[in-house]
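A note on names: the letters A, B, ... follow the listed sequences, proteins ahead of strands, and every chain is numbered from 1. Computed from a predicted model, the values in this text were never measured in an experiment.
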Protein chains: 4
Amino acid sequence: MAMAEGKTGRVRAVKDLKRGLILDAARKIFEAEGLDGASLRAIAAEAGYTPAALYFHFESKEAIYAEVLQDSLARLKDNVLRATSRARRPEDLFRGAAMAFFDFYAKNPRDLDLGFYLFRGGMKPKGLGSARDRLLNAGLADALQPMAEAAEKLGASKEEARLMMVDAFAHAAGLLLLAHTGRIRMFGASAPQLMARYVDERIALLKKAR
Amino acid sequence: MAMAEGKTGRVRAVKDLKRGLILDAARKIFEAEGLDGASLRAIAAEAGYTPAALYFHFESKEAIYAEVLQDSLARLKDNVLRATSRARRPEDLFRGAAMAFFDFYAKNPRDLDLGFYLFRGGMKPKGLGSARDRLLNAGLADALQPMAEAAEKLGASKEEARLMMVDAFAHAAGLLLLAHTGRIRMFGASAPQLMARYVDERIALLKKAR
Amino acid sequence: MAMAEGKTGRVRAVKDLKRGLILDAARKIFEAEGLDGASLRAIAAEAGYTPAALYFHFESKEAIYAEVLQDSLARLKDNVLRATSRARRPEDLFRGAAMAFFDFYAKNPRDLDLGFYLFRGGMKPKGLGSARDRLLNAGLADALQPMAEAAEKLGASKEEARLMMVDAFAHAAGLLLLAHTGRIRMFGASAPQLMARYVDERIALLKKAR
Amino acid sequence: MAMAEGKTGRVRAVKDLKRGLILDAARKIFEAEGLDGASLRAIAAEAGYTPAALYFHFESKEAIYAEVLQDSLARLKDNVLRATSRARRPEDLFRGAAMAFFDFYAKNPRDLDLGFYLFRGGMKPKGLGSARDRLLNAGLADALQPMAEAAEKLGASKEEARLMMVDAFAHAAGLLLLAHTGRIRMFGASAPQLMARYVDERIALLKKAR
DNA sequence: TATGAATGAGTATTCATTCAT
DNA sequence: TATGAATGAATACTCATTCAT
């Protein structure tokens, strides 16, 4: 039995390693070709595989997308947590969480693409259904939660804290969209500055209301 | 001569009508299949035409996209102008412009899709020439401009007014994105309420600063 | 009746004029786009017509090709006749005819294209059948005939004269093919020089045999 | 290991066989429809495949064209070499090379079509890269070279030998063109006879000049 | 005589996916 | 676990031709 376990473990490790290599390839292709240009063929080639081979590791192309996205959200969450762990004052906590969220996507445009992909119609027929979808939603919620917690520490009610979180999420999303597509330059504005201002005003409003 | 004129008019009317029917079909397909799934074939089928027939009415698939988009922006602009024409006080002007912008897209999700399409990379292949692209950008700018003007009437500097416009645009875009994809319910929030609150706070902040 | 004739004449003249304009357009397109790129649409556009309009003047696209070709052959024949009319000695006659044939195509590559088109499989379904085909063959025969006549004047039998004509025709065709496609340069040779040498040798052989 | 080798060999053999079947189908289509009418669809259908399947075996339509052509030239070259290997006297060498060249195309009209295709403008779109183009030119040069060598053995200078080669090539091409399209019968002549006579006279002229 | 509108067949190529081996 | 081969559906666009007006 011990032997069986050992073998299982090793086998599983090898399997995970290969999955990881494929996901790396997928990320590389997303980065190079954008989401629309990322075909199974291209990912397979980059990974040194035949397209058919990927089906032993993933159910479908969409499943690869989903996994890359999940990983992206995990990194996002890490970023946010790291930022908040350094903060002491509640207002620094909120500011840190919101700006870390914004900055992650501002600095990693391809992750932003992935995020938008989730929010768009994509992930169609075999989208792995609601199971994976719920996982993804949870990943996003995790990355946003620190904002709500910080708001509470700043004196907001649970309800109000959640609204602040959603509102900040939306503001960040909107600014990132504008920045990502270059339209914000068209209006002579700076997305990071606008985000910072938004956050400061939010904090100020909350303090005043207290 | 009167007869000739009449005929010309009728002929042109019929032509425009057919164009309109094709554009309607395109809108329907955009709605049903999303923008990526909207193929010439699908549009033609929906309009009761052969794919080849569309080329008599439009130069290319991208030209159809562009026309639908342009029309969408025109309706957006109308909505905004209608809302602001009813306002008297400067603050009602800003609120009216911002909320009209938001409401138009909240009530017309397919126009929202089109709007996002403009902001994404798409429309590359034959690019429509940058001429058409500029037209579209201008259409958007037109619909946003009333916000900036209202902000100036509220006492903002030209520079500050433009930033308010962009910021409100971004906030609306973010909320619409969340609402459109159903994620906002996930957080137990209401997009219109959050938008209204954002606008009110913006106005309050501006008044205070004055 | 006189009036009717007059009218008919005028009508016919107008009709021929329009046909001529279309044929001119076709020639221009052949020249600019080559034979494969010459679509009915392109010819119509060049002529200032709608594609459909051409069908009032010609039965089909192939009919236009045929007519342009026929005209090309007529010009070829003129060239040959003009050259031979200047010659006095029988050998100058043969040389003149053969070289005029060669030179015409060497200087008018598009006419060569048309000629090859006739000789290839083209002119398919509605190729106007054998009637027009016979006309074209006759046009070609006319342009070659002077060579045979000159050969006879040089002392060849009727039979032998015809063979000389065909042989010279073939030699010219082969050299033109090589020259037209640039391959002759590949071999460091000059088509006109080779043609001239061939003709001279032919004449010499015939004189000797006499 | 032996087994592995065997398997590899068998697998490769099957692969080559399938490629061969597709190329056969392509040749058949070229023959039946002419080169312009030879679409990927038609070739695939003839081979019992779906169009997409061909892309597994060949990079593109042009690649199929090229391979068929290359093979045709290889057989031409073989024919010429076989004929010259039987000859002893220099004049038989020249006669053998020239007539083998001519006979190959006279007996294989579809190879003639392919040859003409090489000489026409076609094959533009992706051009196969000039690499393949050079290969084809080389293939042709190989098949013609024996003529030049024979001419040298007959006493011609290097320069003169090359000219004789090109001239014979042109004469053959012209006669084949006439014969292939049936026009030569129109003039009551025989292409093989005219070719033979041309060759004999060439040899005689060369001997006399020596 | 000419047009605008429409058709149907055709073009090469790409895609995600499946399956026997 | 991986491959080579194959599929069927899809892509946008072009063409010569027809027909009602």
Side-chain angles (χ1 to χ4, degrees), chain A residues 11 14-15 18 36-44 48-64 124-126, chain B residues 7 10-12 14-15 18-19 36-44 47-64 125-126, chain C residues 11 14-15 18 36-44 48-64 124-126, chain D residues 7 10-12 14-15 18-19 36-44 47-64 125-126:
Chain A
V11 165
V14 169
K15 189 168 175 171
K18 288 181 182 173
D36 291 351
S39 66
L40 236 211
R41 301 161 106 78
I43 295 171
Y49 280 112
T50 276
L54 301 201
Y55 285 85
F56 288 94
H57 301 281
F58 299 92
E59 259 198 345
S60 68
K61 185 191 159 188
E62 303 294 337
I64 299 179
K124 272 173 253 163
K126 296 200 171 171
Chain B
K7 197 183 171 187
R10 222 177 305 136
V11 164
R12 163 154 291 268
V14 167
K15 181 167 179 166
K18 287 182 182 171
R19 273 178 71 94
D36 292 350
S39 66
L40 240 212
R41 292 159 113 80
I43 295 171
Y49 281 112
T50 276
L54 300 202
Y55 284 86
F56 184 83
H57 301 279
F58 299 92
E59 256 198 347
S60 69
K61 184 192 155 187
E62 302 294 339
I64 299 179
K126 288 198 170 175
Chain C
V11 164
V14 169
K15 189 169 175 170
K18 289 181 181 173
D36 292 350
S39 65
L40 235 211
R41 301 161 104 78
I43 295 171
Y49 281 111
T50 275
L54 301 201
Y55 285 85
F56 287 94
H57 302 280
F58 299 92
E59 260 196 347
S60 69
K61 185 190 157 188
E62 303 295 338
I64 298 180
K124 274 174 254 165
K126 296 199 172 172
Chain D
K7 197 182 170 188
R10 221 177 307 135
V11 164
R12 163 153 293 270
V14 169
K15 183 167 179 167
K18 287 182 181 170
R19 276 177 68 94
D36 292 350
S39 66
L40 240 212
R41 291 159 113 80
I43 294 172
Y49 282 113
T50 276
L54 300 201
Y55 284 86
F56 185 83
H57 301 278
F58 299 92
E59 256 197 347
S60 69
K61 183 192 155 187
E62 302 294 339
I64 298 179
K126 288 197 170 177

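Listed nucleotides E/dT3, F/dA2, E/dA6 differ in distance to B/Tyr49; the shortest reach to its side chain belongs to E/dA6. Distances from the side chain of D/Ser60 to the nucleotides F/dT17, E/dT13, E/dT17 place E/dT13 closest. Ranking F/dA2, E/dT13, E/dA6 by closeness to the B/Lys18 side chain, first place goes to E/dA6. Nearest to the side-chain atoms of B/His57 among the listed nucleotides E/dA6, E/dT3, F/dT7 stands E/dA6.
Remark: DNA chain F forms stems of 3 or more consecutive Watson-Crick or G-U wobble pairs, all pair distances under 3.5 Å, at E:2-21 with F:2-21.
Put simply, NZ on C/Lys18 and OH on C/Tyr49 are 5.0 Å apart, with the number rounded to the nearest 0.5 Å. Summarising the geometry, atom CD1 belonging to B/Ile64 is positioned 9.5 Å from atom CD belonging to B/Glu62; distances are rounded to the nearest 0.5 Å.
Checked against side-chain contact (heavy atoms from CB on, under 4.5 Å), B/Lys15 has no partners two or more places apart in sequence or in another chain. In this view, B/Arg19 and B/Glu67 satisfy the salt bridge (charged side-chain N to carboxylate O under 4.0 Å, His left out) rule, not counting sequence neighbours.
Between the P atom of F/dA16 and the CG atom of C/Leu54 lies a distance of 10 Å, rounded to the nearest Å. What separates CD of A/Glu59 from C1' of E/dT18 is a distance of 15 Å, to the nearest Å. Computed from coordinates, the D/Lys61 NZ to E/dA12 P distance equals 4 Å when rounded to whole Å. Nucleotide F/dT1 holds its C1' atom 14 Å from the CZ atom of A/Phe58, rounded to whole Å. As a whole-Å value, the separation of D/Tyr55 OH from E/dA16 C1' is 17 Å.
Although no hydrogens or angles enter the test, the distance criterion places a donor-acceptor pair under 3.5 Å between the side chain of A/Ser39 and the main chain of A/Ala42.
Along DNA chain F, the nucleotide nearest D/Pro51 and the nucleotide nearest C/Pro51 are compared for position; the residue whose nucleotide lies closer to the 5' end is D/Pro51. When the nearest nucleotides of DNA chain E are assigned to B/Ala52 and B/Val14 by heavy-atom distance, the more 5′-ward of the two goes with B/Val14. Along DNA chain E, the nucleotide nearest to C/Lys15 and the one nearest to D/Ser39 differ in position, and the one closer to the 5' end is contacted by C/Lys15.
Residue B/Thr50 is in base contact, counting any heavy-atom pair closer than 4.0 Å across all strands shown. B/Leu40 comes within 4.0 angstrom of sugar-phosphate atoms only, judged by non-hydrogen atoms across all strands, and of no base.
Phosphate proximity of E/dA12 to D/Arg41: absent, as no side-chain N or O sits under 4.0 Å from OP1 or OP2.
Heavy-atom minimum distance, A/Ala63 versus A/Phe58: CB-CB, 4.4 Å. Considering every non-hydrogen atom in both C/Pro51 and C/Leu40, the closest pair reads O-CD1, 4.4 Å.
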